[in-house]
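Every chain is numbered from 1, with letters handed out A, B, ... down the list of sequences. These numbers come from a predicted model, not from an experiment.
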Number of protein chains: 2
Amino acid sequence: MHHEKSRHLSPSLLRLRQAGYKLTEARVVVLNAIEQLGGHVTSAQVLERVSALAPNIGRASVFRTLDLLTRLGIVRPTYIDSSATPRYVLMRDGHHHHIICTSCNKTIEFEDCGLDAIAKTLEERLNVKLTGHLLEFFGVCATCQASIPLHKEERNNP
Amino acid sequence: MHHEKSRHLSPSLLRLRQAGYKLTEARVVVLNAIEQLGGHVTSAQVLERVSALAPNIGRASVFRTLDLLTRLGIVRPTYIDSSATPRYVLMRDGHHHHIICTSCNKTIEFEDCGLDAIAKTLEERLNVKLTGHLLEFFGVCATCQASIPLHKEERNNP
DNA sequence: CGTTTATTGATACTTCGTATTAAATTTTGT
DNA sequence: ACAAAATTTAATACGAAGTATCAATAAACG
């Protein structure tokens with residue numbers, strides 16, 4: 001990272017710098033990896049991609065960076081399928097919204113959440129300062145509604 | 001669990017039965033443990049409480065039950081502080097809303113979310129059937145705003 | 001009450017994430 | 001541009017969280 005000009009930094013990297021953290025190779029590469037993988041990634045996937053991009057970067061640095069990114073609200077760990085390792089989603093501009101199909105675990109992202117009003121209300125009522133949010137809906141996607149039920153709760157004729 | 005009448009079951013237990021699962025001791029005790037602990041619990045806390053309530057119940061059953069409850073939308077694992085083990089929240093009537101303070105990791109629950117409208121819109125637009133949601137806001141609580149900054153991002157005068 | 005079938009409990013095991021510390025790299029002041 | 005100061009890193013060994021396995025058990029339902 002040789003004296004790169006700040007106008008060329010991604011929003012996430014800017015965030016890191018503005019929060020007072022150094023822009024090290026490990027951090028830049030981890031963020032690249034997540035962005036290349038497109039979000040909703042496990043730590044294992046990040047580890048794999050990182051060591052493909054820069055084999056010298058160690059395990060610990062990857063985990064440390066994921067922690068740091070989480071604390072800064074740049075990514076957010078979330079459970080897509082139960083009891084698996086968490087998946088990190090990119091919080092673009094502090095927020096993220098998706099639907100998880102409880103039948104096939106597919107995720108569908110969407111943009112509009114209409115949460116500004118309630119955020120404002122909460123800030124006033126509770127005297128908090130809100131910087132982001134994660135909204136997850138659970139349900140059954142179109143495909144799964146149409147297909148033969150795979151889950152116990154839906155098969156009632158043995 | 002000897003032939004208990006269904007009218008005495010908690011909503012969660014009813015949910016389990018209606019989904020076709022047996023009401024075993026392990027499942028009943030795990031749910032009791034979570035309710036006694038009041039939600040936002042780690043698996044370690046559940047394990048501890050369960051073995052206090054019923055020492056015969058094994059590790060694996062507790063984890064299996066947490067998985068099952070998650071799949072049924074009765075609880076939802078969520079990350080309060082980064083890189084810690086997840087915390088399970090009770091999804092009362094399919095939904096849960098809270099604010100997480102990114103400074104002290106305290107959580108504040110709230111009730112009104114005003115998400116019915118967008119849920120309906122999504123159901124129509126994407127042809128999905130939604131059964132619940134989790135809404136998390138991130139920010140800084142009143143106490144932390146008033147206190148001396150503990151986090152790097154806030155200390156700019158060394 | 002007895003049959004069927006899902007579920008359990010015990011343990012050993014795998015895997016994920018962490019602590020530690022000397023070495024390296026970025027930043028900052030000049 | 002350079003050197004000093006401070007933060008961050010890589011490597012490895014370690015600990016804890018969650019899982020697979022399978023014989024034994026208990027729930028449901030007639």
query: Considering only heavy atoms and no angle criterion, is a donor-acceptor pair shorter than 3.5 Å present between the side chain of B:R64 and the base of D:dG18?
result: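 Result: no qualifying N/O pair found.
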- prompt: Does any N or O donor sit under 3.5 Å from an N or O acceptor when you compare the side chain of A:K22 with the base of C:dT25?
  reply: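 Not at all, since no donor on one side and acceptor on the other fall under 3.5 Å apart.
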field: No-hydrogen, no-angle side-chain donor-acceptor test under 3.5 Å, A:R64 and A:S61
entry: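 Present: a donor and an acceptor within the cut-off.
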Counting just side-chain N and O atoms, does [X] come under 4.0 Å of either OP1 or OP2 of [N]?
| X | N | value |
| --- | --- | --- |
| A:R27 | D:dT9 | yes |
| B:T85 | D:dA16 | no |
| B:T24 | C:dT8 | yes |

Quickly work out the [X] [atom1] to [N] [atom2] distance and round it to whole Å.
| X | N | atom1 | atom2 | result |
| --- | --- | --- | --- | --- |
| B:E48 | D:dA16 | CD | C1' | 15 Å |
| A:E25 | D:dT7 | CD | C1' | 16 Å |
| A:Q45 | C:dG17 | CD | P | 12 Å |
| B:L68 | C:dA6 | CG | P | 14 Å |
| A:Y88 | C:dC16 | OH | P | 12 Å |
| B:F63 | D:dA16 | CZ | C1' | 10 Å |
| B:L16 | C:dA6 | CG | P | 16 Å |
| B:D67 | C:dT8 | CG | P | 12 Å |

[options]: which one has an atom nearest the side-chain heavy atoms of [X]?
| X | options | result |
| --- | --- | --- |
| A:S61 | C:dG9, D:dT9, D:dA28 | D:dT9 |
| B:I57 | D:dT9, D:dA28, C:dG9 | C:dG9 |
| B:N56 | C:dG9, C:dG17, C:dT7 | C:dG9 |

query: How would you label the contact of A:A60 with the nucleic acid (heavy atoms, under 4.0 Å): base, sugar-phosphate, or nothing?
result: base
query: When all nucleic acid strands are considered with a 4.0 Å heavy-atom cut-off, which category describes B:R59: base, sugar-phosphate, or nothing?
result: base
message: Over 60° means perpendicular and under 30° means parallel, so tell me whether B:H98 and B:H40 are parallel, tilted or perpendicular.
response: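 The arrangement is tilted - the two ring planes meet at 30° to 60°.
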message: Tell me if a side-chain donor or acceptor on B:H97 pairs with a main-chain N or O of B:L135 at a distance below 3.5 Å.
response: no
task: With DNA chain C as reference, determine whether B:A26 or A:A44 sits nearer its 5' end, using the nearest nucleotide of each.
output: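 Its nearest nucleotide being more 5', the pick is B:A26.
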- prompt: Can you list every salt bridge (Lys or Arg N to Asp or Glu O under 4.0 Å) pair that touches residues 29-45 of chain B, not counting sequence neighbours?
  reply: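 Residue pairs with at least one partner in residues 29-45 of chain B: there are none.
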- prompt: For A:R87, which residues count as a side-chain hydrogen bond (donor to acceptor under 3.5 Å, both in side chains) partner, sequence neighbours excluded?
  reply: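 Here no residue qualifies.
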